[in-house]
Amino acid sequence: MHYHRRPGWALPESAVTPESVFLNRRQILAGMGMGAGLLAAPGALRAMPQAESAFDPMPDLHEAFADAGMPPTDEALTSTYNNFYEFGSSKRIFEEAQKLETDGWTIRITGEVEEEMEISVEDLLTEMPMEERIVRLRCVEAWSMVVPWIGFPMSALIEKARPLSSAQYVKMQTFMNPDVATEQRASWWPWPYTEGLTMDEAKNELSFMVVGAYGKVLHKQFGAPIRLHTPWKYGFKSIKSIDHIEFTSERPLSFWEELAEKEYGFWANVNPEVAHPRWSQAEELVLGTEEKIPTQLYNGYGEWVADMYAGLPEEVGERFWR
Ligand SMILES: Nc1nc2c(c(=O)[nH]1)N[C@H]1C(S)=C(S)[C@@H](COP(=O)(O)O)O[C@H]1N2
Ligand SMILES: [Mo]
């Protein structure tokens, strides 16, 4: 049975209540360009066992689901409550975001690599090992949600990019198109949205490139056609609609760090004990519920990521967590 191989960081699949999420999975793959003919491609094949498992009855997992305590958040909620400042600074940007044209999207890969390249998302969909992950996202604003993402490990993309040994960081940037994303006309923001990870972080198995959600091609408001999700870090690290990845030997300056470095630092590891300068991080409101739950160190994913931070110098201090 599939769930014996389920990695520990994944929430039990039975936690996904809407059956449509599972039942539609064949259609998703088709919609993503992995239609019947392409299902023979290696990437698609690797995705299939996951997809098949969706039809397994797994009643005993309902108990584990109760332990996890957080069922996937309603799609109707998560797809209408978004942070995507390119389209406005409110949470209601989902209509504006539909203007983003994602067909033919490519990502430029530059910097400390054997050879710079430009790859299409379409190619990634057939080449990369696709999987579904049901994981938490904790926003620095103290709300959280659980989303069933579809995507592939960032490590697979890094392998394809062939960085040089001099590369120490991965810098990622969102598209720049003020004609469509009207907030990009406002000059007080340091556009384009930029984020970064150390190479270790980027290669960690939890760093995930997202191309779908809830059994569908990624919603534009979620950062179509491709966004990052690093579940142990505050949500702002999970950059949307990426069109440029640069491998660099220098630590990149993130969008929010440039705006307010004391509030939104480079590391941004979820930590209930380090308050944001303007509010506590001890608890979070789970979207769709009325109750606050305690926030967990590394958002509960410490077992897979804590080692990466064991050797960091102490003077990095409390900002390490912001
Ligand atoms: N390009 C871009 N990426 C972004 C943001 C943004 O404004 N622009 N907001 C971030 C923040 S603060 C959060 S919490 C998550 C929200 O993701 P969601 O809208 O899919 O829930 O996206 C992150 N990625
Ligand atoms: Mo956020």
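Predicted, not measured: the structure shown is a model, and the values here were computed from it. For ligands, and for the atoms within them, numbers begin at 1 and follow the listed sequence.
Atom 7 (O) of ligand 1 has Y85 N, 2.8 Å as its closest protein atom, hydrogens excluded (heavy atom only). Looking from atom 19 (O) of ligand 1 to the surrounding protein, the closest heavy atom is K240 NZ, 2.5 Å.
A salt bridge does not link E159 with R162: every distance from a Lys NZ or Arg NE/NH1/NH2 to an Asp or Glu carboxylate oxygen is 4.0 Å or more. In this structure, E141 pairs ionically with K91, as a charged nitrogen and a carboxylate oxygen lie closer than 4.0 Å. Here R108 does not pair with E118 in a salt bridge; the nearest charged N to carboxylate O distance is not below 4.0 Å. Under the 4.0 Å criterion applied to side-chain N and carboxylate O atoms, E257 and R251 are assigned as salt-bridge partners.
Residue contacts with ligand 1 include R227, since one or more of its heavy atoms lies under 4.0 Å from the ligand. At least one heavy atom of S238 sits under 4.0 Å from some atom of ligand 1. For the pair M145 and ligand 1, a heavy-atom separation below 4.0 Å is found.
If you chain together hydrophobic residues whose side chains sit under 4.5 Å apart, I109 and L164 never meet in one group. Under a hydrophobic clustering in which Ile, Leu, Val, Met, Phe, Trp and Tyr are joined whenever their side-chain heavy atoms come within less than 4.5 Å, directly or via other members, L253 and I242 fall into different clusters. Taken together through direct or relayed side-chain contacts under 4.5 Å among Ile, Leu, Val, Met, Phe, Trp and Tyr, W189 and Y193 form part of one hydrophobic cluster. Transitive grouping of hydrophobic side chains (ILVMFWY, heavy atoms separated by less than 4.5 Å) keeps F94 and Y81 in distinct clusters.
Residue-to-ligand polar distances keep W149 apart from ligand 1: every N/O pair is separated by 3.5 Å or more. Checking only distances, Y81 never comes within under 3.5 Å of ligand 1, N or O to N or O. Taking only nitrogen or oxygen atoms, main chain and side chain alike, W256 does not reach within less than 3.5 Å of ligand 1.
Under the 6.0 Å cut-off for aromatic ring centres, F266 and W256 do not qualify, their centroids lying 6.0 Å or more apart.
Remark: ligand 1 atoms within the under-4.0 Å shell around heavy atoms of F222 are 20 (O). Which parts of ligand 1 touch C139 is read off a 4.0 Å heavy-atom cut-off, strictly below it: atoms 14 (S). Using a 4.0 Å cut-off to heavy atoms of F84, the atoms of ligand 1 that qualify are 1 (N), 6 (C), 7 (O), 8 (N). Heavy-atom contacts of E86 reach the following atoms of ligand 1: 1 (N), 2 (C), 6 (C), 7 (O), 8 (N) (cutoff under 4.0 Å). Of all atoms in ligand 1, listed by their number and element, those nearer than 4.0 Å to a heavy atom of G235 are 10 (C), 11 (C), 13 (C), 14 (S), 15 (C), 22 (O), 23 (C).
Under 4.0 Å from ligand 1, the heavy atoms of Y193 that appear belong solely to its side chain.
Between F222 and W149, the two ring planes are perpendicular [angle over 60°; tilted spans 30° to 60°].
The nearest non-hydrogen atom to atom 1 (N) of ligand 1, considering only T78, T174, N83, comes from T174.
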